[in-house]
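Take a look at the structure set out below.
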Amino acid sequence: MKKYDAVIIGFGKGGKTLAGDLAGQGKKVALIEKSNKMYGGTCINVGCIPTKSLVHSAELAEAFHFDSFEEKAEFYRSSMEEKQRLVEMLRKKNYDKVNASDNATIYDGTGSFVSEHEVLIQLENGEETVYGEQIFINTGSAAFVPPIPGLSEAKRVYTSETLLDLKELPKHLIILGGGYIGLEFASFYASFGSKVTVLQMEDLFIGREDREVAEAVKTALEKKGITFIMSAGTKQISGDREAVQVEYEVGGKSETVLGDALLVATGRRPNTKELNLDKAGVETLPNGAVKTDENRRSSKSHIFAMGDVAGGLQFTYVSLDDYRVVKSALTGGSYTAENRNVPYSVFIDPPLSRVGLTEEEARAKGYKNVKTASLPAPAIPKAQVLQQPTGLLKAVIDGDTEEILGATLFCSESHEMINQIKLAMDLGASYKVLANQIFTHPTMSEALNDLFSAVK
Ligand SMILES: Cc1cc2nc3c(=O)[nH]c(=O)nc-3n(C[C@H](O)[C@H](O)[C@H](O)COP(=O)(O)OP(=O)(O)OC[C@H]3O[C@@H](n4cnc5c(N)ncnc54)[C@H](O)[C@@H]3O)c2cc1C
Ligand SMILES: NC(=O)c1ccc[n+]([C@@H]2O[C@H](COP(=O)([O-])OP(=O)(O)OC[C@H]3O[C@@H](n4cnc5c(N)ncnc54)[C@H](O)[C@@H]3O)[C@@H](O)[C@H]2O)c1
């Protein structure tokens with residue numbers, strides 16, 4: 001049996017970064033990946049990168065103002081080809097980067113535990129068991145598909161992964177779920193020229209967000225032609241090669257919607273089923289995630305978990321940060337996953353970005369002197385230059401300490417701006433630093449001067 005200092009199961013962001021790091025230190029590393037279409041993980045192959053390539057192409061599609069659906073469909077086809085080129089280029093780059101080290105061995109196979117130090121690799125032809133002094137689980141998550149009658153038999157039903165292979169622009173895309181994936185796909189498919197209907201189980205639109213901003217988001221997306229059906233209880237899905245039909249109930253009334261593709265975007269669950277974690281004595285949480293402490297150490301001290309499989313926020317940069325946490329634990333450092341201030345962006349048009357608390361959350365947390373500020377996006381000169389005078393920016397301040405408690409930015413380029421607010425928060429800066437910061441002009445960032453000057 002081959003022995004390794006580190007066996008890493010899953011070629012995701014945290015895993016591949018750790019593999020390169022440990023191999024660079026002279027450690028013998030095995031990196032196990034079950035699909036040769038997934039080197040680099042979800043982000044590169046079926047997540048962030050392909051969707052953001054399509055988000056960008058969809059923006060171009062809007063700017064071109066195509067007349068006919070045929071022209072739109074042709075542009076969509078070429079956008080899918082560009083997305084594919086990009087993904088294949090990055091996949092190879094990711095593989096080559098790890099493979100370049102003599103200390104790293106990439107196994108094409110599915111890993112599962114045999115014991116607490118042994119991992120069985122199910123290869124295409126045969127199997128092999130390897131020994132790991134330390135073992136790192138980085139197997140990510142997969143789409144959760146709810147058990148709705150007819151769903152598994154109906155044609156033209158997709159997850160975010162399989163929809164990314166659809167070469168024909170759907171005339172009418174139905175989306176089940178109004179979370180991150182649902183909204184991003186709704187936004188870019190509407191920009192490409194599809195009619196889009198989103199069925200959302202909950203009655204509150206993006207319920208975790210500031211209500212005023214959430215309303216602004218809904219209005220902007222409706223203006224793009226997207227229809228939202230809230231409190232929709234999906235009853236039955238049917239359809240053949242030509243069309244898909246969703247039967248749902250709203251307020252006790254039965255309705256149907258007919259489309260030519262259905263995207264199921266109802267959340268993602270950690271990938272632990274295949275791992276046989278019980279053979280290693282590794283405990284899991286009720287949602288299947290590996291149970292870890294603040295160092296991302298599992299119930300076995302030599303086994304760690306990073307990224308989506310550890311059950312936290314599902315973002316590529318969280319998986320990367322988990323690598324930092326694990327590295328810190330391995331080298332006696334003090335950096336942990338506790339109290340991380342994690343920003344996020346939903347790449348709709350314009351993007352919605354958030355860090356920290358909303359006003360409601362700040363009050364619920366017991367802050368006594370909560371101050372707020374807001375700024376409509378049309379007041380920002382650069383938003384006018386970009387011809388995107390849509391959106392709303394809000395900030396939440398602790399009036400006693402002047403510290404920024406959170407911000408929600410719904411405006412063009414908010415995905416870049418939010419990182420500056422996160423930095424100010426991490427440094428414990430007064431909001432007045434951003435109110436008085438010298439920014440270049442004309443930029444969206446300079447709007448932070450006005451936003452934080454409006455604190456009251
Ligand atoms: C459509 C979509 C869009 C997204 N957009 C964004 C975005 O814009 N920004 C952002 O930050 N995040 C985004 N995310 C989330 C982000 O992609 C994930 O949070 C991130 O990729 C998780 O990384 P990871 O390291 O946990 O694992 P992953 O990248 O998921 O990697 C896990 C790997 O393990 C492999 N594997 C699984 N089980 C086994 C096994 N038993 N043996 C061997 N290999 C195995 C898998 O094939 C996979 O390659 C998006 C996700 C989706 C689905
Ligand atoms: N920009 C980004 O960073 C980005 C983009 C896409 C995805 N992601 C990651 O991927 C994860 C998964 O995204 P997601 O959108 O699938 O999950 P999600 O948890 O964000 O949203 C799922 C939504 O589906 C709804 N839902 C569940 N069952 C339903 C049903 N039967 N009918 C109708 N609605 C139903 C839920 O109420 C929820 O609103 C996210 O949590 C996020 O971390 C990140």
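Order of listing sets the numbers, starting from 1, for every ligand and every atom in it.
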At the 4.0 Å heavy-atom cut-off, does V46 count as touching ligand 1? yes
Looking at E133 and K3, is there a salt bridge between them, counting it only when a charged N and a carboxylate O are closer than 4.0 Å? no
Suppose I only count heavy atoms of E274 and a 4.0 Å limit; which atoms of ligand 1 are within that range? 41 (N)
Side-chain donor-acceptor contact under 3.5 Å, R269 with N287: no
Ring-plane angle category for Y344 and F315, please: parallel below 30°, perpendicular beyond 60°, tilted otherwise. parallel
If the threshold is 4.0 Å, N to carboxylate O, is there a salt bridge linking E118 and K279? no
Does ligand 1 have an atom under 4.0 Å from some heavy atom of A143? no
Please state which part of F315 comes within less than 4.0 Å of ligand 1, counting heavy atoms only: side chain, backbone, both or neither. both
So for L199 against ligand 2, with non-hydrogen atoms under 4.0 Å, the contacting part is backbone
What part of A143 sits under 4.0 Å from ligand 2 if we count only heavy atoms: the side chain, the backbone, both or neither? neither
Under 4.0 Å, counting heavy atoms only: does L313 come that close to any atom of ligand 2? no
Does Y344 have a heavy atom less than 4.0 Å from any atom of ligand 2? no
Suppose the criterion is salt bridge (Lys or Arg N to Asp or Glu O under 4.0 Å): which pairs have a residue in residues 316-327, not counting sequence neighbours? D21-K327, R296-D322, D321-R324, D321-R340, D322-R340
Less than 4.0 angstrom from a charged side-chain N to a carboxylate O is my criterion; do K422 and E416 meet it? no
Using distance alone, with no hydrogens and no angle criterion, decide if N94 and K16 have a side-chain donor and acceptor under 3.5 Å apart. yes
Please list, in number order, the atoms of ligand 1 under 4.0 Å from a heavy atom of F11. 33 (C), 34 (O)
N/O separation below 3.5 Å, G267 to ligand 2: yes
Which atoms from ligand 1 have a heavy atom of M38 less than 4.0 Å away? 47 (O), 48 (C), 49 (O)
Heavy atoms only: which of E184, M230, R269, M201 is nearest to atom 34 (N) of ligand 2? M201
Can you name the atoms of ligand 1, numbered from 1 with element, that are less than 4.0 Å from a heavy atom of I32? 43 (C), 44 (N)
Quick test of your reading of the structure: of I181, T159, I148, whose heavy atom lies closest to atom 7 (C) of ligand 2? I181
Side-chain donor-acceptor pair present, S194, K171, cut-off under 3.5 Å: no
Checking side-chain polar atoms at under 3.5 Å, does Q388 have a donor or acceptor matched by the opposite partner on S412? yes
Among all protein non-hydrogen atoms, which one is nearest to atom 42 (C) of ligand 2, and what is the separation to 0.1 Å? Q314 O, 3.5 Å
Report yes if some N/O of Y317 lies less than 3.5 Å from some N/O of ligand 1; otherwise report no. no
Find all atoms of ligand 1 within a distance of less than 4.0 Å from any non-hydrogen atom belonging to K52, and give their numbers and elements. 5 (N), 6 (C), 7 (C), 8 (O)
For atom 4 (C) of ligand 2, find the nearest protein heavy atom and state the residue, atom name and distance (0.1 Å precision). Y180 CD2, 3.9 Å
If you measure every N or O of K34 against every N or O of ligand 1, does any of those distances drop under 3.5 Å? yes
Compute whether any side-chain donor of one residue and acceptor of the other, for S445 and Q420, lie under 3.5 angstrom apart. yes
Under 4.0 Å from one or more heavy atoms of G307, ligand 1 contributes atoms 26 (O)
Side chain or backbone of T51 under 4.0 Å from ligand 1, or both, or neither, by non-hydrogen atoms? side chain
Run down the list A265, G47, G177 and name the one with the heavy atom closest to atom 22 (C) of ligand 2. A265
With a 4.0 Å cut-off on N to O distance, would you call R85 and E82 a salt bridge? yes
Considering only heavy atoms of G41, which atoms of ligand 1 have at least one such atom less than 4.0 Å away? 29 (O), 31 (O), 49 (O)
Taking E274 first and then K34, would you say they form a salt bridge - that is, a charged N and a carboxylate O separated by under 4.0 Å? yes
Verify the distance criterion only: is there a donor paired with an acceptor across the side chains of S231 and D203 at less than 3.5 Å? no
Protein contact of atom 35 (C) of ligand 1 - nearest heavy atom, named by residue and atom, plus distance: E33 OE1, 3.2 Å
Does any N or O of ligand 1 fall below 3.5 Å from an N or O anywhere on T42, backbone included? yes
Would you call the rings of F192 and Y76 parallel, tilted or perpendicular, where under 30° means parallel and over 60° means perpendicular? perpendicular
Which atoms from ligand 1 have a heavy atom of I9 less than 4.0 Å away? 40 (C), 42 (N), 43 (C)
Distance-only side-chain donor-acceptor flag, H172 / T197, under 3.5 Å: yes
I need the nearest protein heavy-atom contact for atom 26 (N) of ligand 2: residue, atom name and distance, please. T266 CG2, 3.7 Å
What protein heavy atom sits nearest atom 38 (C) of ligand 2, and how far off is it? Q200 NE2, 4.1 Å
Closest non-hydrogen protein atom to atom 18 (P) of ligand 2, residue and atom name please, with distance? G179 CA, 4.1 Å
Before signing off on this row, confirm whether R208 and ligand 2 have an N or O atom pair separated by under 3.5 Å. no
Examine S160 against ligand 1 and note whether any of their N/O atoms are separated by less than 3.5 Å. no
Look at ligand 1 and say whether E161 reaches it with a heavy atom at a distance under 4.0 Å. no
Protein contact to atom 2 (C) of ligand 2 [nearest heavy atom, distance to 0.1 Å]: S345 O, 3.5 Å
